[in-house]
Amino acid sequence: MADDKDVWVFSEKPALQAELIAGAQQLTSHTGGQVMAVVLGARSQAEQALEQGAQRVLWLGELPSGRLVEDIVPTLAASVQDKRPFGVIIGATIRGRAVAGRLAARLGVAALADVLEFQWDDSALLARHMVFGGGAVRIDRPLAGPVIATTGQGIFEAGALQARPKGEIEPLSWVEPPWQAAVIERRSRAVSSVNLSAAKRVVCPGRGVARQEDLGLIEELAQALSAEMACTRPLAEGLGWLPRERYIGISGAMIKPDLYLGVGVSGQAQHTIGMSESRVVVAINKDRAAPLMTQSDYAVEGDLYQVVPALIRALKARKAK
Amino acid sequence: MKIVVCAKLAPDASDIEVRSDGSISLERAEWRIGSFDLQAIEAAVRLRDAHGGSVTALSVGPQRINHSKLRKDLLSRGPDELVLVAEDALNGADTAVTAQVLAAAVRKIGAVDLVLTGEGSADLYFQQVGLQLGELLAVPVFNAVSKIEVSDSQVRIERSLEEETEVLELPLPAVLAVTTDIHTPRLPNMKEILLAAKKPVYEWSLADLGLENTPEPRVEAVSLRAPRPVERKRILIEGSPEEAAQSLAGYLVKEGVV
Amino acid sequence: MTEDVFDAIIVGAGVAGSSAAYRLARAGLQVVLIERGPFPGSKNLSGGVLYGRVLHDLIPNFWESAPVERVITNQIVSFLTADSSVNLDFKTEAFNQPPYNGFTVLRARFDRWLAEQAEAAGVMLVPGIKVDGVVKRDGKVVGISADNEEMLAKVVIAADGANSFIAQQAGLRDKIPAGHAAVGVKEVIGLPREVIEERFHLNGNEGAAYNIVGFATRGVPGGGFLYTNQESLSVGLVIHLEALVERQLKPAEIFEDFLAHPMIAPLIKGGKLLEYGAHLVPEGGLKMMPPLAADGLLLVGDAAGFGVNNGFVVRGMDLAIGSAVAAAETIIEAQAADDFSAARLHSYPDRLEKSFVMQDMRTYARAVDFMKNDRLFEAYPTLLSNILADIYRQDAQPKKNLAPTLLKNLKTSKISLLDLLKDALAGGRAL
Ligand SMILES: Cc1cc2nc3c(=O)[nH]c(=O)nc-3n(C[C@H](O)[C@H](O)[C@H](O)COP(=O)(O)OP(=O)(O)OC[C@H]3O[C@@H](n4cnc5c(N)ncnc54)[C@H](O)[C@@H]3O)c2cc1C
Ligand SMILES: Cc1cc2nc3c(=O)[nH]c(=O)nc-3n(C[C@H](O)[C@H](O)[C@H](O)COP(=O)(O)OP(=O)(O)OC[C@H]3O[C@@H](n4cnc5c(N)ncnc54)[C@H](O)[C@@H]3O)c2cc1C
Ligand SMILES: Nc1ncnc2c1ncn2[C@@H]1O[C@H](COP(=O)(O)O)[C@@H](O)[C@H]1O
C-alpha cells in the first residue's frame, strides 16, 4: 500500500471533516489513491466519515480522558511513515493547526497553511493561499512529500451523504506521546455558536463605532435587516466588544452572504478577504476614500450615527407598507 | 528564567505595490516587526519583569533585517539582547527552514526555559513556525496561548480555542505561540529607545549555528500576485442622511436582499 | 539619583534638525535627536528642490551617497492663463557640473538618509516620540518632556518645523497668523523613468523644474511647481492662506483645476498617484521672524521662519541647513568655553547675519508683498499670453509690428503703464 497515492483527512470537527473529504477527493482523482479519514471519536463518527465519502477510516477510538487532540501527533506521524499516503489534509482549527505544524516538523516538511485551492501543474501539486494579510495570493509547490496541508471551513463543498457506504474501518492504536500537558480546566466560552458562514445577510460594524454601547444601534439595524452581526477584528480582539467568533477576515470567518453591510469599516485587505465574495456589498463611512467604499456596490458617504438611524427608519417604513 | 522571543521582520503589507499586470512589488516596502509578534515580546518582557532572568529576542531572515532601525525597534521594547541570523540564503525561507534555523539558534543560546512566538508572522501568517519549532526542540508546544503563569519548572497556560478556554500545566522548557490579546504591546519611551542602542546584538551566521548548508527548502513559491479584484457597482450615495437612507433602502429592495 | 544631562537635544529630524545634530556630533558633542514620526522624513513634505551648496559645505559631495533624484538642469518659469501658457526655459550646462546648483529629493528618503548620517556620526536618534514641551528651570530651558518623561540638556534646538510648538511653548512666538502663512499642497505622481526623460527632454540624470505663476492658483497669490524625480513627478501649489480664506476657496479645488490645466495635464498624463500631502509654509519673511534664541533654546529652519517663497522659487531646505549649521557652531563654541549662558547663545543671530541665510532673507524681504500684487497672478500672464497669441495667430490678417500689438494688449488689460513700471521696479528689487 506504500504507493504514495492515498489522501488522508483529519479534523476534530465532523462538519469540517466532510468538506476535507471533498477536497481530498479532488486530489485522489489525480493521484488515483483512496480518501481515508483519521477519526478520533466514537464509532458512530467513524461511520459518519464513510457516509461523508471516505473510502476507509483509520479509527483511534474516543479521546482518552486527560488527553488532548494534539496528542495524536506521534500516532499520526508513525502511521504516515508506515502507510505513506500522498498527503494529509487537516482542518484549520486552532488544534488542527497545532497538529499540522507538529506533524510537518516530525516528517521534515513544511505544512501548506490555510489552502484556498489545490491545482495541478502536470503531475505537480500546487496550493493557493493568501499572504500579506490578503494583500497577495501566493501559489506554492511542495518540494517534498508527504503533503501536509490545512484548510478552513467553506473552502471545499461537502458532497451528499452516502446511504450505504462500503468502506472499512481500520482500528489505529495510540503511540505514546513523549510529553503530556495536564488538563487543569476547560471552560466553554459563552459562545453564541453563531454560524456566520450560513448567514444570508451580515451587518458588520468596525472601529467607526465609537463606544461599546453604540453597538445597540448596529444591533437594531441588523434586526431591521434580519441580519447576523459580525465585526472587524479590532472590535473582537483588543476591544473585546464582540466574541472572536464574529470577526470576519483572513484570521476570522470567511463569508459569502447575499448582503454584507459594513458600518464604519475601513476595508483593509485582511478584513475584505473574508467578505469579498458577498453578492451585494454596502459600505457606510464618513470617508469616501476608505478602501471599502471603493470596493462596494453601494457606498453611503456619511456619519454612521446619522445614517444608521435614518436607515432603520427607512427599512421599518418599508416593512410597514 | 531565560526566555527567547521569536519575532519576524518582514515587509509591511500596506506598502505592497500592485503593477498593472497584477504582479506585485515589495521593493519600496518598509520592513517592520510583525504586528502580531509585538504581543509575544510584551509577554516575554512582562514574565522577566515578574520572575527575573533575561529576554533574548531572536529573528532570522535575509541580510536586510540587520538594520539599525529594526534592531533598535526590537530592543527598545524591552528585550535584553538580540540574536540575528541574517543571511540572504534565508530570503523567503519556508516555515520548515525558518523553524530549523530558529531551533539551532535556540540551542546555541542554551539553557532556555521558555520560547515565545507570535500568533503568526506579518507576511505569511501561516501560524506554523512556533509549532514546528517546538516539535524540533522536542519540548511541549502550544498555540493560542492567552495567559502564562510561571512557577518553578512548571508553566500554567490558558488557551483561547474556538469554543472553549483550556487551562493546561506543562513542564518547562516549552514553546508557546501567544494570541494577539495576551497583552497590549507597549510603545517604547525615550529612555528605552536610548537604552536600546547600548544593548548587545549578536550576529550569527548559519555556520555559527552548525548548519553547514542552508536547510533544504520544502516548499517553493511559484507565483505571488495581487488578488483579482471583484467587480463592484461602485454607486456613491451622498446627500442628507434621510435621503441617503431612502435611496439605499430602495437599492436593497431592488437587489432583492430585503 | 543623578540625571543624565546631554550636551544638546534637538527636536525634529527634518533637514534642519539632522544637520544641526550631524554638525554637533562631528564636534564630539553628546546629542539626542528626537523625531515624532516613525522614521525621519515620514511626515515631511516639500516640493523637493534642494539648493545644495550649503549641504556640500557640511557633507562634501553628499550627492554621491545621498538619495538625490535628479540634478536640476532646466529651470522653467511658466505663466498660465485659464487656457494658455507662456514658458521661459532656462537650461545651462553650468548647473550640471559639481557641486551642482540643485537636486530634486523625496523627503521620506532624503531626510532618512540625512538622519542616518547623523546617527553614524554618533547622534542618538529617538524616533516615534513626540516632544510635548520644554522643561524650564529658573526661566531657562533645560530640557524637554515627552510622555511624562523629562530629558535634560545644556541646550535645546527647536527644529520642529513651521508650526514650532516648542518655540511657542517657550514663549518665543505665537501661531503663524494667516497673513503670514501659505499652505502647500503636493502630489507625487509615479511615471516610468523613460517616459519622464522623453516628456521633459532629459538625458540621464538631468532634471527639470517648472515654477508656475498665474492661473495655477486661480489668481490667489502663490505659485505652482512641477519637479522631475527619477521615477515620479512632484507637483504642487503653494497658496497664500489669507487670500484663500477671503475668497472661500479650498486648496483641493484649486489643485484639481491646476492638474487639469492644458499645460499640466499632458505632463502628468498616465501617472499614478503615490503620495498626497499638505503642509504649512511660513512666508512672513523677516517680518514674522521670532527671536532666534532664548536662554537654553535656539530656533532653526522653518521653526525660525526661514523660508523664501516668491512665486518663482520656494526655498527653505537650504536655509534650514544653513541656520542649523550656524546654531550648531554657536553651541560648539559655547561648549568649548563651557558657557551656555543666554549671552553666549545670543551670538547665534549674529552668526546668521554673516551667513547667506540672513542675507537671502533680506534680499527677498520684499518678495512677499510683491507677490500679493494681484497683477502678477492675473493680469500679467493674460497680457503675455494675449501678446503671443496675436503674434502667432494666422488669421489671414496683415500682422502689425510688435510695438502696436504690445500697446493694444496693454490697453485692453487692466494694467496701467505706471503699474507696469512700478511692478518692474518692485519685482526687480524683490526677486
Ligand atoms: C496579519 C493580519 C491579519 C489581520 N486579520 C484581520 C481579520 O481577519 N479581520 C479583520 O477585520 N482585521 C484583520 N486585521 C486588522 C486589519 O488590518 C485592520 O486593522 C482592521 O480590519 C481595521 O478595522 P476597522 O475597519 O474596524 O477599523 P479602521 O481601519 O480604524 O476603520 C474605521 C473606519 O470607520 C470610519 N469612521 C469613523 N467614524 C465614523 C463615523 N462616525 N461614521 C462613519 N464612518 C466612520 C473611518 O473613516 C474608517 O474608515 C489583520 C491585520 C493583520 C496585520
Ligand atoms: C509644498 C511645499 C513645497 C516646498 N518646496 C520646497 C523646495 O522645492 N525647496 C526647498 O528648499 N524648500 C521647499 N519647501 C520648504 C521646505 O519644505 C521647508 O523649509 C523645510 O522642510 C524646513 O525644514 P525643517 O527641518 O526646518 O522643518 P521640517 O522639514 O518641517 O521638519 C520638522 C521635523 O520636526 C518634527 N517634529 C515636529 N514637531 C515635533 C515634536 N513635537 N516632537 C518631535 N518631532 C517633531 C517633524 O515630524 C519633522 O520631521 C516647500 C514646502 C512646502 C510645504
Ligand atoms: N524569520 C523568523 N524569525 C523569527 N521568528 C519567526 C520567523 N518566522 C516566524 N517566526 C515566529 O513564528 C511565528 C509564526 O510564524 P508563521 O508561521 O510564519 O505565521 C511568528 O509570529 C514569529 O513569532
Side-chain angles (χ1 to χ4, degrees), chain A residues 93-95 97-98 101-102 104-106 109-111 113 126 131-144 178-179 181-189 191 201 225 237-238 245 250 258-259 276 280-282 288 294-302 306-307 310-311 314-315 318, chain B residues 13 16 24 94-96 99 123-128 131-132 134-136 138 140-144 156 161-171 180-181 217-227 230 232-238 241-242 244-246 248-249 251-253 255 257-258:
Chain A
T93 57
I94 291 170
R95 293 193 197 279
R97 287 201 171 93
R102 293 177 51 194
R106 283 200 169 221
V109 297
L126 300 177
V131 292
F132 290 107
V137 176
R138 202 169 93 167
I139 295 183
D140 280 346
R141 184 206 316 273
L143 300 173
W179 52 264
V183 180
I184 305 299
E185 192 188 346
R186 285 228 176 89
R187 301 190 291 268
S188 72
R189 290 196 291 145
V191 174
R201 286 170 293 276
L225 284 164
E237 261 172 40
E245 291 68 32
I250 182 109
D258 288 340
L259 172 69
S276 62
V280 178
V281 173
V282 181
R288 73 155 79 181
T294 59
Q295 294 161 34
S296 56
D297 295 298
Y298 305 100
V300 182
E301 184 184 3
Q306 295 176 354
V307 176
L311 184 57
L315 291 167
R318 269 170 204 272
Chain B
I16 291 179
I24 65 171
D94 66 29
T95 51
D123 53 350
L124 301 181
Y125 195 66
F126 288 167
Q127 305 174 62
Q128 279 290 310
L131 295 150
Q132 295 184 22
E135 201 65 22
L136 293 176
V141 54
F142 283 100
N143 54 352
R156 180 181 279 228
L161 302 171
E162 284 86 355
E163 281 157 24
E164 60 184 349
T165 301
E166 177 173 87
V167 183
L168 302 175
E169 224 162 54
L170 14 143
T180 54
D181 43 13
R218 292 301 189 220
V219 164
E220 174 193 25
V222 185
S223 79
L224 182 64
R225 299 179 64 79
V230 185
R232 292 284 168 200
K233 298 200 177 77
R234 303 185 59 171
I235 295 174
L236 182 68
I237 303 174
E238 293 166 290
E242 293 301 333
Q246 283 299 342
L248 176 59
Y251 282 123
L252 293 182
V253 170
E255 291 277 2
V257 286
V258 294

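Each chain gets a letter, A, B and so on, in the order the sequences are listed, and its residues count up from 1.
- In this structure, chain A has heavy atoms under 4.5 Å from both the backbone and the side chain of B:L236.
- The most heavy-atom pairs under 4.5 Å with chain B, out of A:L126, A:V109, A:D258, A:V307, come from A:V109.
- Heavy atoms closer than 4.5 Å to chain A are found in both the backbone and the side chain of B:A249.
- At distances below 3.5 Å, not a single donor-acceptor pair connects side-chain atoms of B:D123 with backbone N or O atoms of A:V131.
- Looking at A:S296, only its backbone comes within 4.5 Å of chain B, counting heavy atoms on both sides.
- The pair A:R201-B:E255 does not meet the salt-bridge criterion, since no charged nitrogen lies less than 4.0 angstrom from a carboxylate oxygen.
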TODO: Check step by step if side chain to side chain contact (heavy atoms under 4.5 Å, CB included) holds for B:V141 and A:W179.
DONE: CA-CA 10 Å; B:V141 54; A:W179 52 264; 4.3 Å; yes
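- Interface residue B:V258: only side-chain heavy atoms are found under 4.5 Å from chain A.
- For B:V222, the parts sitting under 4.5 Å from any heavy atom of chain A are the backbone and the side chain alike.
- Top candidate by heavy-atom pairs under 4.5 Å with chain B, chosen from A:V280, A:V183, A:I139, A:L311, is A:I139.
- Chosen from B:V230, B:T165, B:L161, B:T95, the residue pairing most often with chain A at heavy-atom distances under 4.5 Å is B:T165.
- Heavy-atom distances place both the backbone and the side chain of B:L168 under 4.5 Å from chain A.
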